[in-house]
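Atom set for the values below is all heavy atoms of this structure, side chains included, hydrogens, waters and symmetry mates excluded. Here is how names work: the chains are called A, B, and so on, in the same order as the sequence lines, proteins then strands, and each is numbered from 1.
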2 protein chains.
Amino acid sequence: MPRRATIIEVALEAGASKTSVSRYFAGERDKLSPALCERIAAAALRLDYRPNQMARGLKAGRSRLIGMLVADIRNPFSVAVLHGVERACREQGLSLLVCNTDNDPELERTHLALMSSYQVEGLIINASGSPDTELQALTGQGLPLVLLDRELGAVQADLVGLDNAKAIDLALDHLAEQGYAELLYLSEPPERASPRRERLAHFQAGLAARRLAGEAYTMSASDDELARAIEAFLTRSAPKGSGDLPRALLCANGAVTLAATRALQRLGARLGKTGLMGIDELDWCALIDPGITTLAQPTETIGRQAVASLLANSVSQAAAEPRQHRFEPRLIARGSTRLTG
Amino acid sequence: MPRRATIIEVALEAGASKTSVSRYFAGERDKLSPALCERIAAAALRLDYRPNQMARGLKAGRSRLIGMLVADIRNPFSVAVLHGVERACREQGLSLLVCNTDNDPELERTHLALMSSYQVEGLIINASGSPDTELQALTGQGLPLVLLDRELGAVQADLVGLDNAKAIDLALDHLAEQGYAELLYLSEPPERASPRRERLAHFQAGLAARRLAGEAYTMSASDDELARAIEAFLTRSAPKGSGDLPRALLCANGAVTLAATRALQRLGARLGKTGLMGIDELDWCALIDPGITTLAQPTETIGRQAVASLLANSVSQAAAEPRQHRFEPRLIARGSTRLTG
DNA sequence: TCGGTGCTTGGGAACGTTCCCATCATAGGT
DNA sequence: ACCTATGATGGGAACGTTCCCAAGCACCGA
């Protein structure tokens with residue numbers, strides 16, 4: 001069972017010094033004569049040499065590792081972004097250490113400590129928890145950091161995510177245009193996640209600007225309760241004697257859309273007559289009978305931008321002002337927001 | 001900007017030797033006097049010391065890193081298994097280096113090399129490609145290996161995955177019981193992925209045993225083509241003069257179920273009258289009108305078993321016979337396989 | 001011919017750990 | 001009182017790299 005060859009063995013085999021071999025593999029081939037390069041290449045091939053990243057990381061402090069903390073790996077949106085991050089990393093010769101926190105702040109701390117012990121060169125964080133001293137400590141040491149989708153209290157760092165104001169505007173405009181006049185905004189509890197707060201706030205503001213009626217409901221875990229809330233919204237009598245204006249549901253993210261769809265089915269509501277629209281495009285939104293209208297996030301772009309920001313931060317350490325990169329969603333209009341007389 | 005403290009600094013602060021501090025953090029506290037332990041703990045806390053995994057990995061050859069290669073990170077099944085793997089790793093104090101190969105053998109090779117350069121202690125592989133010399137080399141060096149879901153030609157390793165024979169049996173029994181007599185089996189191209197081959201083979205065998213009529217269709221990328229194939233199956237006249245027996249579609253995995261559902265909707269087929277059943281349970285299967293019947297894989301269990309097998313292999317290196325761990329799916333019967341007169 | 005300049009090459013000291021050994025007490029058996 | 005076993009502790013050499021520095025050489029202009 002042959003052990004992996006070391007740089008010294010390659011040097012010996014090639015009749016060169018370990019320094020030269022190191023240079024060869026560190027991408028400084030231009031500093032080496034072509035003849036030497038060739039000898040090293042041949043020797044490395046013969047011995048099937050692969051540089052030991054652990055040793056590299058130790059000596060140079062450059063692990064070539066990026067850490068990514070995902071709040072919920074089973075959320076398709078997160079995975080789609082992860083996919084973008086991964087591609088971007090690969091193009092930069094970086095590897096990705098992915099940790100899932102299952103929305104547990106405690107686990108988030110653990111994983112943060114872990115990543116730091118692997119000397120990651122940067123951190124992309126889709127935060128699950130509250131602002132964290134662990135994280136503060138890491139950034140204090142000059143570790144580049146990018147926040148994904150969710151802001152994190154006191155932490156000063158670039159943020160990459162959806163343009164929530166624009167998204168809500170798009171949604172409200174679309175719903176208004178389609179003739180819906182009374183809206184119910186459905187969201188998961190907004191405490192911990194900044195996009196939920198932003199979207200909710202813009203919803204409230206946007207209503208007024210458009211003279212729409214609307215209210216917000218925060219989901220608990222219970223399907224029953226959600227169904228009751230929706231039913232109450234759909235069946236209660238119109239405000240003044242204004243007749244029965246069309247009503248629609250706006251879902252704050254994919255998980256909510258799923259729950260709301262389930263609830264509407266239980267209530268026997270007809271999609272379209274009862275409007276339904278959600279942020280986040282999912283595989284199945286086209287399949288539910290008249291199709292569910294969504295706002296698709298540019299997930300791949302978001303992922304790539306996260307890596308780009310990270311890289312930008314690591315070159316210009318020095319106190320750069322945190323920047324925000326907000327991307328616009330794309331409206332995919334389907335039958336669930338079409339009032340067919 | 002304070003650098004992370006080293007073991008030497010802790011030793012100094014605690015008035016102990018680095019050896020003792022090392023022992024403390026390597027979990028050999030029972031070899032240390034309680035007094036010393038306490039001093040070290042206090043010092044480490046004061047300095048916010050965190051052992052450097054790179055240095056550990058270098059010296060001891062133990063990186064505490066497990067590599068996982070996923071063929072398609074956007075497949076919910078893969079993610080669910082990943083989730084199980086991750087939890088199991090965490091319980092063992094292992095970290096997970098996840099790489100996505102996008103079903104590209106070339107990328108698979110690259111990532112394999114990369115993981116080996118990080119000195120991973122074990123590899124969990126959901127293979128995308130053909131048997132690979134890169135992989136052979138790694139196992140040749142005694143790196144423990146577990147195959148997930150897909151077999152890999154010549155590679156001798158434990159396999160963890162679904163009991164495909166059982167799954168197909170369950171499906172056929174259910175469909176037969178519900179009164180469907182002619183089946184169309186839909187699959188992605190079976191060349192590269194062993195479960196596809198196994199399922200297909202068992203489908204063919206299972207038909208005969210149950211006196212069912214049936215055939216198999218291999219999907220290309222085109223939705224049109226699939227719809228045409230399904231239409232042909234649904235509209236062609238019955239074999240003998242046997243009357244018009246109920247027909248059903250059986251989908252080899254989640255991606256196929258999605259495509260088939262799309263196609264059936266385009267054809268205007270009514271689910272139930274036309275049977276539909278798929279392997280892999282997905283969020284939305286309950287939402288498509290009468291509900292889509294599925295076989296749910298025990299993804300969490302599969303993930304955990306993968307890690308368990310890996311650990312078992314690393315203790316008893318010596319030429320243990322490769323084992324297979326096959327888990328049974330759970331039938332979730334819904335309206336899509338209910339013939340309502 | 002000489003000092004400088006530029007280029008290729010190599011020696012050796014780190015990096016932060018682990019782990020083999022050595023040291024030094026303390027205690028127990030003769 | 002002496003030798004040895006036992007247990008706690010520490011010194012120092014690795015592990016496989018990188019990178020500073022220096023050496024060697026050819027070439028140039030004075």
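- Looking only at distances, a side-chain donor or acceptor of B:N126 sits under 3.5 Å from a matching main-chain atom of B:A71.
- Between B:R56 atom CZ and D:dG16 atom C1' there is a gap of 19 Å when expressed in whole angstrom units.
- Across all strands, B:Y49 comes closer than 4.0 Å only to sugar-phosphate atoms, never to a base (heavy-atom distances).
- B:E38 CD: 12 or fewer foreign heavy atoms inside a 6.0 Å radius.
- Side chain to side chain, B:T301 and B:Q305 fail the donor-acceptor criterion of an N or O pair below 3.5 Å.
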Can you list the steps and then say if B:E91 with B:R304 is a salt bridge (Lys or Arg N to Asp or Glu O under 4.0 Å)? CA-CA 10 Å; B:E91 287 163 18; B:R304 304 190 84 91; 2.7 Å; yes
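- Around CZ of A:R46, the count of heavy atoms belonging to other residues, nucleotides or ligands within 6.0 Å exceeds 12.
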Grab the N/O contacts between the protein and nucleotides 6-9 of chain D below 3.5 Å, and write none if there aren't any.
unit_1: D:dT9; atom_1: OP1; unit_2: B:S33; atom_2: OG; d: 3.0
unit_1: D:dT9; atom_1: OP2; unit_2: B:S33; atom_2: N; d: 2.8
unit_1: D:dT9; atom_1: OP2; unit_2: B:S33; atom_2: OG; d: 3.3

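- When rounded to the nearest whole Å, the span between CD of A:E9 and C1' of D:dG16 equals 10 Å.
- Put simply, CZ on B:F25 is 9 Å from P on C:dT17, counting in whole angstrom units.
- B:H83 and A:D102 share a side-chain donor-acceptor pair at under 3.5 Å.
- One interatomic measurement links the two molecules: CG of B:N52 to P of D:dT17, which rounds to 16 Å at whole-angstrom precision.
- The C1' atoms of five pairs define one axis at each end of the helix from C:dT1-D:dA30 to C:dT30-D:dA1, and these two axes lie 60° apart (to 10°).
- With B:L145 as the partner, the side chain to side chain contact (heavy atoms under 4.5 Å, CB included) test is satisfied by one option alone out of B:I124, B:D158, B:T139: B:T139.
- Taking atom CZ on A:R4 and atom P on D:dG16, their separation rounds to 12 Å, with Å as the unit.
- Across the interface with DNA chain D, nearest-nucleotide mapping of A:P51 and B:T19 shows B:T19 to be the residue nearer the 5′ end.
- Residues from residues 58-66 of chain A placing a heavy atom under 4.0 Å of any atom in DNA chain C, listed by number, are A:L58, A:K59.
- Side-chain polar atoms of A:S116 and B:R4 form a donor-acceptor pair below 3.5 angstrom.
- Residue-environment remark: CD (B:Q156) stays at or below the threshold of 12 foreign heavy atoms within 6.0 Å.
- Proximity of A:Y118 to the phosphate of C:dG16: no side-chain N or O atom is located under 4.0 Å from OP1 or OP2.
- Going from atom CZ of B:R50 over to atom P of C:dC15 covers 21 Å, rounded to whole Å.
- Partner B:E9 forms a side chain to side chain contact (heavy atoms under 4.5 Å, CB included) with one of B:I7, B:T6, B:L12 and no other, that one being B:T6.
- Taking only side-chain nitrogens and oxygens, A:Y24 never comes nearer than 4.0 Å to OP1 or OP2 of C:dT9.
- Separation of atoms SG (B:C99) and NE2 (B:H111) is listed at 4.5 Å; rounding is to 0.5 Å.
- Taking every heavy atom of both residues into account, A:A157 and A:P322 meet most closely at O-CB, 3.6 Å.
- If you measure from atom NZ of B:K18 to atom P of C:dG16, you get 13 Å, rounded to the nearest angstrom.
- Taking atom CG of B:L12 as the reference point, atom P of D:dG10 lies 11 Å away to the nearest angstrom.
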